[in-house]
Colleague: 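Take a look at the following structure, please.
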Amino acid sequence: MARVIAVANQKGGVGKTTTSVNLSSALALKGKRVLVIDIDPQGNATSGLGIDKFGVDGSLYEVFSGVFNLSSVILGTELPSLWLAPAHSDLVGAEVELSSTPGRELILKKEIARLNAQFDYIFIDCPPSLSLLTVNAFTAADSILVPLQCEYYALEGITSLMQTIEIARKQLNPHLELEGVVLTMYDGRTNLSRQVVHEAREFFREKLFQTIIPRNVRLSECPSFGRPIFLHDPSSLGAGAYEALAEEFQRRRRLADEGRNNEQVNSDQNGHAEKVVANQS
Ligand SMILES: Nc1ncnc2c1ncn2[C@@H]1O[C@H](COP(=O)(O)OP(=O)(O)OP(=O)(O)O)[C@@H](O)[C@H]1O
Ligand SMILES: [Mg+2]
């Protein structure tokens, strides 16, 4: 079963798309089968992966409208192990059109469940809002990855994001986890960046990824070439940072899975012990 990760922060321009595109590319280059689902009407993940958003036959708009299945809009990318479900500006309309549709928060979850192709990871690149599209992502996801830009007021709005995650957990998706928080656009020359790191560490503790993504010109050039950093400039600092993030992401996932398996073993053993006792009495 694929792990589904929503990349979200209602603040604009904090590095959601850059992280979706480059973390998924790094994992694909490690041999994982990865799907990026673009649910942002801006379609930046779509163009960032080299797909002409105006030239696609089907997109997330048609998926939300019920015209196409998710599996039928998936496209290959330049990386053999990375796929994309594209978006474009039509998707703005889906929100309004769905306003009175029952079960409208569940559309993406149902579509992901129906996927016939096997993926290790599915990343959902969310728009900068806590809209119905984002709620669909929170309902479909196993976890949320939050990029946080090293800037003034970085933590502003985090409370409402955490509240929305809590509401989604209570009402729609009790298993939703916080995958982690990743700091982006770090500039080691400024006190401000260092201060944000300090504050974020205090606030998120072990949920903060150790890997910090630096501000890097090569990363900012990627969207105009429609290529992930590993194809644009694999020797850049940005490529190194996203490679390190992918390593850390996988390491944490392994630890989390081992923890879960141990819990399972313990509860199985407890269950067995109870059964033995019950048989003896
Ligand atoms: N580490 C970085 N170094 C330099 N530029 C970056 C970095 N990360 C992102 N950028 C640039 O900053 C801008 C915003 O990044 P991005 O599009 O990833 O943010 P976003 O959160 O997805 O934005 P939106 O909220 O509009 O969807 C883009 O122009 C991107 O190229
Ligand atoms: Mg974006």
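Start at 1 and go down the list; that is how both ligands and their atoms are numbered. The figures that follow rest on heavy atoms only: side chains count, while hydrogens, waters and symmetry mates do not. Quick caveat, the model's predicted, so the values are computed rather than measured.
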Colleague: Would you please determine whether Pro223 falls within less than 4.0 Å of ligand 1 on a heavy-atom basis?
Modeller: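 Checking ligand 1 against Pro223, which is what was asked, there is a heavy-atom contact under 4.0 Å.
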Colleague: Distance check below 2.8 Å: does Thr17 bring an N, O or S atom to the Mg ion (ligand 2)?
Modeller: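 Here the distance criterion (N, O or S atom, under 2.8 Å) is met by Thr17, so yes.
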Colleague: Taking heavy atoms and a distance under 4.0 Å, where does Thr19 meet ligand 1: side chain, backbone, both or neither?
Modeller: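 The answer is neither; Thr19 stays 4.0 Å or more away.
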Colleague: Establish, from distance only, whether the side-chain atoms of Asp233 and Ser235 form a donor-acceptor pair under 3.5 Å.
Modeller: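 Note: Asp233 and Ser235 side chains meet the donor-acceptor criterion.
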Colleague: Quick one: CG on Leu79 to CG on Leu49, what's the gap to the nearest 0.5 Å?
Modeller: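 Going from CG on Leu79 over to CG on Leu49, the span is 8.0 Å.
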Colleague: Look at atom 14 (C) of ligand 1 and find which of Pro127, Gly13, Gly238 reaches it with the closest heavy atom.
Modeller: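 Among Pro127, Gly13, Gly238, the closest heavy atom to atom 14 (C) of ligand 1 comes from Gly13.
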Colleague: Number the atoms of ligand 1 from 1 as they appear, then name those within less than 4.0 Å of a heavy atom of Ile213, with their elements.
Modeller: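 Result: 1 (N).
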Colleague: For Asn44 and Thr17, does a side-chain donor sit closer than 3.5 Å to a side-chain acceptor?
Modeller: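 Not at all, the side chains of Asn44 and Thr17 share no donor-acceptor pair under 3.5 Å.
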Colleague: Under 4.0 Å from atom 9 (C) of ligand 1, is there any protein heavy atom?
Modeller: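 Answer yes: something from the protein, a heavy atom, is under 4.0 Å.
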Colleague: Check contact between Thr184 and ligand 1, using heavy atoms of the residue and a distance below 4.0 angstrom.
Modeller: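 No, Thr184 has no heavy atoms under 4.0 Å from ligand 1.
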Colleague: Nearest to atom 4 (C) of ligand 1, what protein heavy atom do you find, and at what distance?
Modeller: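 Closest protein heavy atom to atom 4 (C) of ligand 1: Asn216 O, 3.2 Å.
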Colleague: Does only the side chain of Pro214 get under 4.0 Å from ligand 1, or the backbone, or both, or neither? Count heavy atoms.
Modeller: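 Only the backbone of Pro214 comes within reach of ligand 1.
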Colleague: Are any of the protein's heavy atoms under 4.0 angstrom from atom 29 (O) of ligand 1, yes or no?
Modeller: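 No, no protein heavy atom sits under 4.0 Å from atom 29 (O) of ligand 1.
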Colleague: Under a plain distance cut-off of 3.5 Å, with no hydrogens placed, do Tyr242 and Thr211 share a side-chain donor-acceptor pair?
Modeller: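 No, no side-chain donor-acceptor pair sits under 3.5 Å.
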Colleague: Could you verify whether a donor N or O on one side chain and an acceptor N or O on the other, from Gln10 and Thr134, lie under 3.5 Å apart?
Modeller: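 The answer is no; no qualifying pair exists.
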